[in-house]
Each structure stands twice: as C-alpha cells, then as structure tokens.
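What follows is a single structure, written as structure tokens, with notes after it.
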Amino acid sequence: MIDAPPETCRIDVWLWRARFFKTRGQAAGFVEAGAVRLTHRGRQARLDKPSRLVRPGDRLVFVLNERLIELTVVGLGARRGPAPEARALYELADPS
C-alpha cells in the first residue's frame, strides 16, 4: 500500500482562511511580493508564488501591519470561517 501524500493547501488560500487577509487576491499579492518565509523540514524559503503549498507543521514568518508574525501551521481548514475557527489553524510562536 502506498502512503497518501500529506494534506496541503495553497499559501494564499491558507492566509485567507486564517483571516490574515480579507480577500484571496490580497493574500496572493502579499506572497508574490516575497513577504512570507516558509520553513518546511528545517529548510527555509522565501515564497514568491501564491500556489506554493503549506502543510501542518510548517512555520511561517511575515510582517503584517508593522508586526512580526511567527507561527506554526496547525490545520488547513475547509473554509473561511469565523475568527475562532480561523485561529485554530495556527499557533503563534513564543515572543521570547
């Protein structure tokens, strides 16, 4: 039996579902500007395409509204739901 690939989601869709942006287009433009860094399996990369995939366990770093945001992707979500549902998609890094 072949293992199924891990769950994935486009970064622009994930940022929109997690309610960091009001529209998917805004999220895509943010990613295209090279403003998001992704760490996957210990390798860090600056994302430049909204079609890049994120998985649970990936770490993201970006600056939004003059605030540095470091988080770990916990879930992918199935929709853009209310704020509590969106907040369950990630864990913020300790500020220390």
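Worth knowing before you read on, the calculation uses all heavy atoms, side chains too, and leaves out hydrogens, waters and symmetry mates. Every value quoted in this text rests on a predicted model; they were computed, and no experiment measured them.
The pair Glu85-Arg80 does not count as a salt bridge, with every side-chain nitrogen at least 4.0 angstrom from each carboxylate oxygen.
Separation of atoms CD1 (Ile11) and CG (Leu47) is listed at 6.0 Å; rounding is to 0.5 Å. Interatomic distance, OG1 of Thr72 versus CD of Glu91, reported as 6.5 Å (0.5 Å rounding). We find the CD-CG distance between Gln44 and Leu60 to be 10.5 Å, quoted to the nearest 0.5 Å. Rounded to the nearest 0.5 Å, atoms CG (Leu71) and CZ (Phe20) are 5.0 Å apart.
For the pair Asp12 and Arg24, the tightest heavy-atom approach, listed with the atom from each and the gap, is OD2-NE, 3.4 Å. Taking every heavy atom of both residues into account, Val54 and Asp58 meet most closely at CA-OD2, 3.4 Å. In plain terms, the two heavy atoms of Cys9 and Arg17 that are nearest each other are SG-NH1, 3.7 Å. In this structure, Pro56 and Glu7 approach most closely via the heavy-atom pair CD-O, 3.7 Å.
Remark: the Arg55 side chain and the Thr8 side chain contain no N/O donor-acceptor pair separated by less than 3.5 Å.
In this structure, Thr39 contributes its side chain and Gly42 its backbone to no donor-acceptor pair below 3.5 Å. Looking at Arg19, its side chain does come within 3.5 Å of a backbone N or O of Gly81 through a donor-acceptor pair. For the pair Arg46 (side chain) and Gly34 (backbone), a donor-acceptor distance under 3.5 Å is present.
Hydrophobic clustering (side-chain heavy atoms under 4.5 Å, transitive across Ile, Leu, Val, Met, Phe, Trp, Tyr) keeps Val61 apart from Leu15.
The ring pair (Phe, Tyr, Trp, His ring centres under 6.0 Å) test with Phe21 is passed by exactly one of Phe30, Trp14, Trp16: Phe30.
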Quiz item: How far apart are the C-alpha atoms of Thr23 and Gln26, what are their side-chain angles, what is the distance that settles it, and do they pass the side chain to side chain contact (heavy atoms under 4.5 Å, CB included) test?
Solution: CA-CA 5 Å; Thr23 68; Gln26 288 174 334; 3.1 Å; yes

